[in-house]
Amino acid sequence: MPVEFLGIAATADGTETTARTTAAFDRDYTLRLARAHEDHGWDRVLFAYGSGAPDPAPAAAFVAARLDTLQILLAHRPNVSYPTFAAKTFATLDRISEGRLTVHFITGGNDHEQQREGDFLTKDERYARTREYIGIVKKAWTSREPFDHEGAHYRFRDFVSDVFPVQQPRPGVSFGGSSAAAYAAGGAEADVYCLWGEPLARTAEQIERVKEAARAAGRSDLPRIQVAFRPIIAPTEELAWEKAHRTVAAIRARREGGELVRRGRPAGAAAPENTGSQRLLEIAEAGERYDRALWTPTAAATGGAGNSNALVGTPETVAQALLDYYDLGVDILSARGYHLVDDAVDFGRYVIPIVREEVAKRDAAKAAAEAERAGRAEHDRHQLIAVQA
């Protein structure tokens, strides 16, 4: 199966290791980072969402109108707009990008962050709302006739849009989470299910949970799987590990100085509410290194904030580690460094080509094996016919 690479579409240059030097939305930086991805083999970039951050939809439109091939993954929280309005926004953006949009629906794993924008539902209520919201958006994208809706969270009459996506029947839907409620909602609605990087065995368990949820929802198709990492690469293993330890030291220094705030929770404050972050901290507490290259101190240093487990090593080592996840059934690999432009360029130059070449070899070997099996089956059929004759 083909492999895809997802990067980050930050609108400013700050990261966990470095204070921001640009405005929160810097036009030149936003475009430079996106172009670094397009020019170095990446498939798409994520426009993330934060309560106080620049609105990702116009930022995505700004980039899509200026680049030719880079695809857009737009993060969206259902609490910030009515689903019919959001469906029109997404369809318009799909038009601007000429069919390059996927929407990532975020339920919200932190009460404080949600309440900043007036959302006081419980976590389980938020998941129920998200599932209803996605269903409405999908129908608005595809229905040419007016329709009504009467649900637990939304009610309207006689809606029909006048703007439809380029993609038919609709753009893709992306979803993430590591709780039972997340598996149920995403398993039912998502085209792509997103996970944070965990050890291979635990990732395999999560993939199976997603598949089980999709089957329970009556689906015959299954969501594609995406897994996210923070790669730390260098020409030698020794240099890569030196870089990794410098990275963690920088994160800890910023955290201790009170500079890091993630997902509405100041670093060092109460334990994270969302299951995904809890899992990252549990894994970090159990050990620093897993499998070929997974390293957890970056996650521990941020308090389990988001995509934060690293893959450390030479480009060859990190590429082989990513292929281990590909072999589990992961075909979208999300990666984001700590120096965004430089790391996007280096990863694109030195890691992506290795992974793509090895995936092509795997696919060719699989196709040859399937052809051989088909040939043997046909030969056996002819032999059986000859014997019966």
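Computed from a predicted model, the values in this text were never measured in an experiment.
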Could you check whether any side-chain N or O of [X] sits under 3.5 Å from a backbone N or O of [Y], counting only pairs where one atom can act as donor and the other as acceptor?
X      : Y      : value
Arg116 : Gly52  : no
Gln168 : Pro165 : yes
Ser143 : Ala140 : no
Thr122 : Glu125 : yes
Thr247 : Thr17  : no

Could you pull out all residues at least two apart from Asp28 that satisfy salt bridge (charged side-chain N to carboxylate O under 4.0 Å, His left out)?
none
[Y]/[X] salt bridge by N-O under 4.0 Å criterion:
X      : Y      : result
Arg215 : Glu208 : yes
Glu150 : Arg157 : yes
Arg100 : Asp68  : no

Just wondering, are more than 12 heavy atoms of other shown residues or ligands nearer than 6.0 Å to [atom1] in [X]?
X      : atom1 : answer
Arg27  : CZ    : no
Arg376 : CZ    : yes
Glu370 : CD    : yes
Phe85  : CZ    : no

Test salt bridge (Lys or Arg N to Asp or Glu O under 4.0 Å) on Asp363 and Arg356 and set out the steps.
CA-CA 10 Å; Asp363 289 348; Arg356 291 200 192 281; over 6 Å; no
Do [X] and [Y] touch side chain to side chain, with heavy atoms closer than 4.5 Å?
X      : Y      : result
Ile134 : Lys138 : yes
Thr18  : Asp13  : no
Glu189 : Phe105 : no
Asp324 : Asp291 : no
Tyr350 : Val318 : no
Phe164 : Arg144 : yes
Tyr154 : Pro83  : yes
Tyr49  : His76  : no

State plainly whether one hydrophobic cluster holds both [X] and [Y], where clusters connect Ile, Leu, Val, Met, Phe, Trp and Tyr through side-chain heavy atoms under 4.5 angstrom apart.
X      : Y      : value
Leu323 : Val227 : yes
Val248 : Val312 : yes
Phe90  : Val192 : no
Tyr29  : Phe47  : no
Phe229 : Leu340 : no

Restricting to side chain to side chain donor-acceptor pair (under 3.5 Å), what partner residues turn up for Asp119, sequence neighbours left out?
Gln114, Arg129
Do [X] and [Y] have side-chain N/O donor and acceptor atoms under 3.5 Å apart?
X      : Y      : answer
Ser174 : Thr102 : no
Thr317 : Glu237 : yes
Gln206 : Tyr183 : yes
Tyr133 : Ser81  : yes

Take Lys361 and Glu358, measure what salt bridge (Lys or Arg N to Asp or Glu O under 4.0 Å) needs, and give me the verdict at the end.
CA-CA 5 Å; Lys361 290 178 181 177; Glu358 290 300 319; 3.5 Å; yes
Could you report the tightest heavy-atom contact between Pro2 and Asp331, atom names first, then the distance?
O-CB, 3.5 Å
Partner of Leu33 under side-chain contact (heavy atoms from CB on, under 4.5 Å), picked from Val345, Val45, Val341, is Val341
Glu4: side chain to side chain contact (heavy atoms under 4.5 Å, CB included) partners, not counting sequence neighbours:
Asp43, Arg44, Arg224, Ile332
Once the angle between the rings of Phe156 and His149 is folded into 0 to 90°, is it parallel (under 30°), tilted (30 to 60°) or perpendicular (over 60°)?
parallel
Candidate pair Asp191 and Arg170, rule salt bridge (Lys or Arg N to Asp or Glu O under 4.0 Å), full reasoning:
CA-CA 11 Å; Asp191 302 300; Arg170 57 174 177 78; 2.8 Å; yes
Checking Lys123 against Glu273 for the salt bridge (Lys or Arg N to Asp or Glu O under 4.0 Å) test, could you report, in this order, the C-alpha distance in whole Å, the side-chain angles of both residues, the deciding distance, and whether it holds?
CA-CA 9 Å; Lys123 184 177 178 181; Glu273 299 170 18; over 6 Å; no
